[in-house]
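Notes follow the structure.
Each chain gets a letter, A, B and so on, in the order its sequence line appears, and its residues count up from 1.
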Amino acid sequence: MTAPRVRFAPAPTGFLHVGSARSALFNWLHARHTGGTMVLRIEDTDASKKTEEFVDAILEPLEWLGIDWDEGPFFQSDRAEMHKAAVEQLVEDGSAYYCDLTRDQIDAKSEEAGLPAGYHGWSRDRAVTDGPGVVVRFRAPDDGVTVFDDVIRGKVEVSHDNVEDFVIRRGDGSPTFLIANAVDDHEMSISHVIRGEDLLNTVPKVLMLWEALGYGEPPVYAHLPLLVNEQRKKLSKRRDDVALGDFAKKGYLPEAMVNALALLGWGPADGVEVRPIEQIIELFTLETVNKSAAFFDMKKLDHINAEYIKALDPARFAELVEPHMTGDDAPWPVDAYRSEVVEALAPEIQQRIVKLSEAPAWVSWIFTPSIDSYDEKSWNKAMVKGKASPRVLDEVINALESESFDDAEVLEAAVMGVGNRLSEELATRVMSQAPVRVALTGHGAGIPLWQAMTLLGKGACLDRLRAARARLD
RNA sequence: GCCCCAUUCGUCCAGCGGCCUAGGACGCCGGCCUUUCACGCCGGUAACACGGGUUCGAAUCCCGUAUGGGGUACCA
């Protein structure tokens, strides 16, 4: 058996969304698993839709995800001559014919004849000749059934009475998706057509063309279960917030995205969900893809993304998070940002965030010149309810004045020592970390203090402690 | 309407006739750890749509019903 050839063939109708990305991924996984070839083909048969930016809107996210292709991108619009030649061939041998009926006329005829809505071969024997506005229809067989084996769905049967004479060339002379599909898949020697279930119904038509064109053995089909929204409807660009580009902006890692996408409609037999792409490639087979529609759960994506973020090495994390730290999100002067600080604190930040965009919040206090406002709840809890806080701050300031601030453990011992001493003296539990934290960061929760204090520096730490102490009087 | 497809915990996935008193993951709840917040660890919650067959035995096979989805264009 020769190596498979698959294709991802999106229509350039806007940004790439989660559903298309999943189709691309499954094609890619199959190609990589089998050592096959991935072809990228832009289905811009409807010329009015083609624009450069829409093409970029597809290529860029694919590259971001790490889904590469071996051939292409090809454009169906560039291959129109081939499609037209195929149409002509079919007209010549009688497999297709011209039709000049408008939609309204077709509907009227059906109603008149008491037939269900649809096209009932009205122009088959009218000997219409070609001209402006005249379409070409394929003469679909009246009897019999088309049967094909879908790798994922199994045997699918469609009776020919349910296939009307469909249009293969529009009134303006342009080929439709159906004929372009048959011609291109044949010309490109595509062996496996892997795509969304929404295209399942077009298979019999393409197969009819395939046979009429004398193409021989058709490709193997594999129709993926649809990705749906919470209403269980097919993901739509208009309705659903699913642009791949947005995920990048929010701080999802492409590796996490791909991992999450691979888990929709498929799962490894051993149940290990978060794993490197190399393993997914090795384990993935079309035969193990399931049949039912899947909802793309952001909570699960978040979890997977968090796992990938935790696994990042500090330098890489600092690098990836930088755009979020220096962009519009950053609540501090741009030049105050120091990448080394983030790298040093990376492990602490990494275990606390789900998306890269959440990172700035954890270190903003370090890059802010001073604490201008304190979180009210935190202040009340640590400073007001903690009655010993004035003494804690006084003693911490005192203890810290003689420290050099280059050893986190020393700072910890100094601050904690104050709390322990006071606890004994006042015979009650005195927390020293909380008031210090609020004084330094303005909040009661955050990353561990000690190492961060060495990075903030002695001057800034003492200034903030004194400012908070003064506020208590 | 007609055609096609699907139906296991709230969600995603496993299960392809006996190993299932249905397993894993996310979420949620509880606990442990912890002088912050997290992480981590432990435990709990929760599903085979329904009805008929077939079979010694069915979540797994067949039929029907219900429900959901997709398609039904000179979109792809």
Side-chain angles (χ1 to χ4, degrees), chain A residues 9-13 43-46 48-49 76 99 101-103 106 116-119 133-137 150 152-154 156-159 161-164 166-178 180-181 195-204 223 225-226 228 230-234 260 262-274 287-288 290-304 306 310 347-353 362 378 381-382 412 415-416 419-420 423 429-438 441 443-449:
Chain A
T13 55
E43 309 236 307
D44 55 342
T45 54
D46 193 351
S48 59
K49 287 181 176 174
Q76 269 187 345
C99 172
L101 264 26
T102 63
R103 191 73 238 169
I106 292 167
Y119 185 86
V134 173
V135 306
V136 176
R137 286 181 183 273
D150 188 283
I152 296 168
R153 266 145 231 288
V156 178
E157 272 188 67
V158 178
S159 166
D161 354 303
N162 297 313
V163 182
E164 63 177 33
F166 52 93
V167 173
I168 58 177
R169 195 208 66 187
R170 301 188 185 90
D172 65 1
S174 65
T176 64
F177 152 80
L178 295 162
N181 221 264
R195 37 113 89 158
E197 198 204 328
D198 50 343
L199 293 167
L200 187 62
N201 289 301
T202 68
V203 174
H223 286 87
L226 252 25
V228 298
E230 45 278 84
Q231 280 85 239
R232 295 256 131 204
K233 301 256 195 253
K234 179 169 80 155
L263 264 13
L264 296 171
W266 178 81
D270 63 10
V272 179
E273 297 188 320
V274 179
E287 289 74 19
T288 54
N290 72 202
K291 306 175 193 192
S292 38
F295 167 59
F296 183 52
D297 189 0
M298 291 296 290
K299 294 217 179 95
K300 188 122 178 180
L301 204 218
D302 281 352
H303 170 256
I304 294 170
K310 281 190 201 88
E348 300 299 348
I349 305 168
Q350 283 170 267
Q351 62 172 300
R352 266 162 260 258
I353 63 173
W362 293 89
S378 302
K381 192 173 175 208
E412 176 175 9
V415 174
M416 299 307 266
N420 293 147
S423 294
R429 192 74 188 276
V430 175
M431 309 286 219
S432 53
Q433 191 245 189
V436 172
R437 173 178 296 282
V438 172
T441 73
H443 289 270
I447 56 173
L449 246 21

Mind checking A/A294 for me? I need base, sugar-phosphate or nothing, with any heavy atom below 4.0 Å counting as a touch.
sugar-phosphate
Looking for any heavy atom pair under 4.0 Å, which part of the strands does A/R195 touch: base, sugar-phosphate only, or nothing?
nothing
Taking B/rU65 as the reference, what is the distance to B/rA6 when you measure between their P atoms (whole Å, please)?
16 Å
5'-most contact on RNA chain B (nearest-nucleotide basis), A/A9 vs A/R352, goes to A/R352
A/K291 NZ - B/rU60 C1' separation (whole Å):
12 Å
Under 3.5 Å on both distances, the Watson-Crick or G-U partner of B/rU55:
none
Using a heavy-atom cut-off of under 4.0 Å over every strand shown, decide if A/G265 touches base, sugar-phosphate, or nothing.
sugar-phosphate
Could you please name the option among B/rA25, B/rA76, B/rU35 that lies closest to any side-chain atom of A/E273?
B/rA25
With the criterion being N/O to N/O and under 3.5 Å, what pairs connect the protein with nucleotides 67-70 of chain B, and how long is each?
residue: B/rG69; atom: OP1; partner: A/K233; partner atom: NZ; Å: 2.4
residue: B/rG70; atom: OP1; partner: A/K234; partner atom: N; Å: 3.1
residue: B/rG70; atom: N2; partner: A/N201; partner atom: OD1; Å: 3.4
residue: B/rG70; atom: N2; partner: A/N201; partner atom: ND2; Å: 3.1

Mind checking the P distance from B/rC42 to B/rG53? Whole angstroms is fine.
46 Å
Separation of the C1' atoms in B/rG30 and B/rU8, to the nearest angstrom
27 Å
Checking all strands, does A/T441 fall into the base, sugar-phosphate, or nothing category for heavy-atom contacts under 4.0 angstrom?
nothing
Are A/R437 and A/H443 linked by a side-chain donor-acceptor pair shorter than 3.5 Å?
no
Mind checking if A/S432 touches a base, just sugar-phosphate, or nothing, with heavy atoms under 4.0 Å?
base
Minimum-distance pair of heavy atoms, taken over all atoms of A/S378 and A/V438:
O-CG2, 3.9 Å
Per nearest nucleotide of RNA chain B, the residue lying toward the 5' end, A/E157 or A/P268, is A/E157
Taking a pair to mean Watson-Crick or G-U wobble geometry with both distances below 3.5 Å, B/rC37 pairs with none
B/rC28 - base-pair partner by Watson-Crick or wobble geometry, distances under 3.5 Å
B/rG44
To the nearest angstrom, how far is A/L263 atom CG from B/rA14 atom C1'?
12 Å
Protein-nucleotide distance (A/H223, atom NE2; B/rC3, atom P), rounded to Å
20 Å
Base B/rC5 paired with A/R153 side chain (donor-acceptor, <3.5 Å):
no
Run the numbers on A/I168 and A/F177 for side-chain contact (heavy atoms from CB on, under 4.5 Å), then give the verdict.
CA-CA 8 Å; A/I168 58 177; A/F177 152 80; over 6 Å; no
To the nearest Å, how far apart are A/R429 CZ and B/rU36 C1'?
13 Å
Which part of the nucleic acid, if any, lies within contact of A/P10, taking any heavy atom under 4.0 Å across all strands shown: a base, the sugar-phosphate backbone alone, or nothing?
nothing
In whole Å, measure the gap between the P atoms of B/rG24 and B/rG15 for me.
15 Å
Of B/rC37, B/rU11, B/rA38, the nucleotide closest to the side chain of A/Q351 is B/rA38
Rounded off to whole Å, could you give me the CG-to-C1' distance for the A/D270 and B/rG23 pair?
13 Å
Quick one: label A/R103 by what it contacts on the DNA or RNA (base, sugar-phosphate, nothing), any heavy atom closer than 4.0 Å.
sugar-phosphate
Walk me through whether A/T288 and A/W266 qualify under side-chain contact (heavy atoms from CB on, under 4.5 Å).
CA-CA 7 Å; A/T288 54; A/W266 178 81; 2.9 Å; yes
NA contact type, A/T202, heavy-atom cut-off 4.0 Å: base, sugar-phosphate, or nothing?
base
Consider the side chain of A/K300, meaning its heavy atoms from C-beta on, and name the nucleotide among B/rC4, B/rC26, B/rA6 that approaches it most closely.
B/rC26
How close or far is atom C1' of B/rU35 from atom CE of A/M431, stated in whole angstroms?
4 Å
Look at the side chain of A/K299 and decide which nucleotide, out of B/rG27, B/rA76, B/rC37, has an atom nearest to it.
B/rG27
Does the A/T176 side chain pair with the main chain of A/R169, one donor and one acceptor, at a distance under 3.5 Å?
no
Respond yes when some side-chain nitrogen or oxygen of A/N420 is under 4.0 Å from OP1 or OP2 of B/rU35, and no when none is.
no
How close or far is atom C1' of B/rA76 from atom CZ of A/F166, stated in whole angstroms?
14 Å
Does the side chain of A/N162 get closer than 4.0 angstrom to OP1 or OP2 of B/rC4 through an N or O atom?
no
What is the pairing partner of B/rC74, taking Watson-Crick or G-U wobble pairs with both distances under 3.5 Å in any strand?
none
Return the set of residues passing side-chain contact (heavy atoms from CB on, under 4.5 Å) with A/A434 (not counting sequence neighbours), or none when no residue passes.
A/A382
Roughly how many Å apart are B/rC16 and B/rC61, using the P atom of each and rounding to a whole number?
11 Å
Can you tell me how far C1' in B/rG18 sits from the matching atom in B/rC12, rounded to whole Å?
28 Å
If the P atom of B/rU60 is compared with that of B/rG52, how far apart are they to the nearest Å?
14 Å
Apply side-chain contact (heavy atoms from CB on, under 4.5 Å) to residues A/D150 and A/H223 and explain how you reach the verdict.
CA-CA 7 Å; A/D150 188 283; A/H223 286 87; 2.6 Å; yes
Pairing partner (Watson-Crick or G-U wobble, both distances under 3.5 angstrom) of B/rC19
none
Looking at A/Y119, I'd like to know if the NZ or CZ of A/R137 sits under 6.0 Å from its six-membered ring centre while staying within 45 degrees of the ring's axis.
yes
Please determine, for the side chain of A/D297, which listed nucleotide (B/rC2, B/rA14, B/rG10) has the closest atom?
B/rG10
A/L301 to A/A260 - nearest heavy-atom pair and separation
CD2-CB, 3.9 Å
Nearest to the side chain of A/E43 - B/rC12, B/rU35, B/rA76?
B/rA76
Rounded C1' spacing from B/rA59 to B/rU7 in Å:
12 Å
Taking the basic N atoms (NZ, or NE/NH1/NH2) and the acidic carboxylate oxygens, is any pair closer than 4.0 Å for A/E197 and A/R153?
yes
How close do A/V203 and A/R195 get, heavy atom to heavy atom, and via which atoms?
CG2-NH1, 3.7 Å
Could you please name the option among B/rC37, B/rC4, B/rA76 that lies closest to any side-chain atom of A/V156?
B/rC4
Sort out the partner of B/rG68 for me: Watson-Crick or G-U wobble, both distances under 3.5 Å, none otherwise.
B/rC5
Nearest whole Å is fine: how far is B/rA73 P from A/F177 CZ?
14 Å
